[in-house]
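Okay, so here's the structure we're looking at.
In what follows, residues are counted from 1 in the order of the sequence shown.
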Amino acid sequence: MGAEVLADKVYCYPFQKVVTGYLNKYPTPLEKNVTAVTTVEEQTDPATGIVYRRRIATCNNIIPSFLRKWSILKVTNIYLEEESWLDMKARVMNLKCRCLTWAQYASMNEESVYRESKHNSNWTEFSQKGTITITGAGYLNCILERFAQTFLKQGARKEPQ
């Protein structure tokens, strides 16, 4: 089955400001569930100037306690991997994110794009598509997918700090 989340937004701020805000927004006291973001790889392509980053986010496990009765859900932290490609010449940043914690039971993928608006160079357009598919949890698959979908929708609505 699976669940999908789509989001589109226009930020009335220049691309550079939005991207800088995004890359520096965690950790912050305003978001207690993201406790750390560690850059594990960063390189710039000398020919294109595109900056590739791979980061690992450490998040609190926000799964409701009644679902944590199952051993696979009894973890303190959830780890997410984010890859990004920042092209300042083209004024676009592509991102891919996936959950590392329950990779054997769930597929959580998110693809996002920040780009300078074609209508106003002082604005930034954002689009995001997230998918969640849970397997191996039997009758809990649907419940966990709905919970994950709600979580993704909340994340998609958040503004860069």
Point-to-point distance, once rounded to the nearest 0.5 Å, from [atom1] of [X] to [atom2] of [Y]:
{"X": "Thr58", "Y": "Asn77", "atom1": "OG1", "atom2": "CG", "result": "6.0 Å"}
{"X": "Thr133", "Y": "Glu4", "atom1": "OG1", "atom2": "CD", "result": "9.5 Å"}
{"X": "Leu80", "Y": "Thr101", "atom1": "CG", "atom2": "OG1", "result": "6.5 Å"}
{"X": "Arg115", "Y": "Met93", "atom1": "CZ", "atom2": "CE", "result": "12.0 Å"}
{"X": "Arg54", "Y": "Thr39", "atom1": "CZ", "atom2": "OG1", "result": "10.5 Å"}
{"X": "Cys59", "Y": "Lys32", "atom1": "SG", "atom2": "NZ", "result": "13.5 Å"}

Hey, quick one: are [X] and [Y] part of the same hydrophobic cluster, counting side-chain heavy atoms closer than 4.5 Å, chains of contacts allowed?
{"X": "Tyr114", "Y": "Tyr13", "value": "yes"}
{"X": "Met108", "Y": "Tyr79", "value": "no"}
{"X": "Val40", "Y": "Tyr52", "value": "no"}
{"X": "Leu95", "Y": "Phe126", "value": "yes"}

For Glu41 and Arg53, what are the C-alpha separation, side-chain angles and deciding distance, and is it a salt bridge (Lys or Arg N to Asp or Glu O under 4.0 Å)?
CA-CA 6 Å; Glu41 184 179 354; Arg53 287 182 186 89; over 6 Å; no
Checking side chain to side chain contact (heavy atoms under 4.5 Å, CB included) between Val19 and each of Asn24, Leu86, Thr124, which is the one that passes?
Leu86
Using a strict threshold of under 4.0 Å (side-chain N to carboxylate O), is an ion pair present between Lys129 and Glu111?
no
Would you mind checking if Glu83 and Lys96 are paired as a salt bridge, meaning a charged N to carboxylate O distance below 4.0 Å?
no
So which atom in Phe15 and which in Met88 form the shortest heavy-atom distance, rounded to 0.1 Å?
CE2-SD, 3.7 Å
Mind listing the closest non-hydrogen atom pair of Arg55 and Leu23 along with its distance?
NH1-O, 2.9 Å
Under the side chain to side chain contact (heavy atoms under 4.5 Å, CB included) rule, what do Leu6 and Gln128 come out as? Steps first, then yes or no, please.
CA-CA 6 Å; Leu6 301 172; Gln128 181 179 64; over 6 Å; no
Is there a side-chain contact between [X] and [Y] (heavy atoms, below 4.5 Å)?
{"X": "Cys12", "Y": "Asn122", "answer": "no"}
{"X": "Pro27", "Y": "Thr35", "answer": "no"}
{"X": "Arg91", "Y": "Gln16", "answer": "yes"}

Examine distances only and state if a side-chain atom of [X] and a backbone atom of [Y] form a donor-acceptor pair shorter than 3.5 Å.
{"X": "Ser84", "Y": "Asn94", "result": "no"}
{"X": "Ser117", "Y": "Trp123", "result": "no"}
{"X": "Asn33", "Y": "Asn60", "result": "no"}
{"X": "Thr44", "Y": "Pro46", "result": "no"}

For the residue pair Lys9 and Tyr11, would you count it as a cation-pi contact if the rule is NZ or CZ under 6.0 angstrom from the ring centre and within 45 degrees of the ring axis?
yes
Looking only at side chains, do Glu116 and Ser121 share a donor and an acceptor under 3.5 Å apart?
no
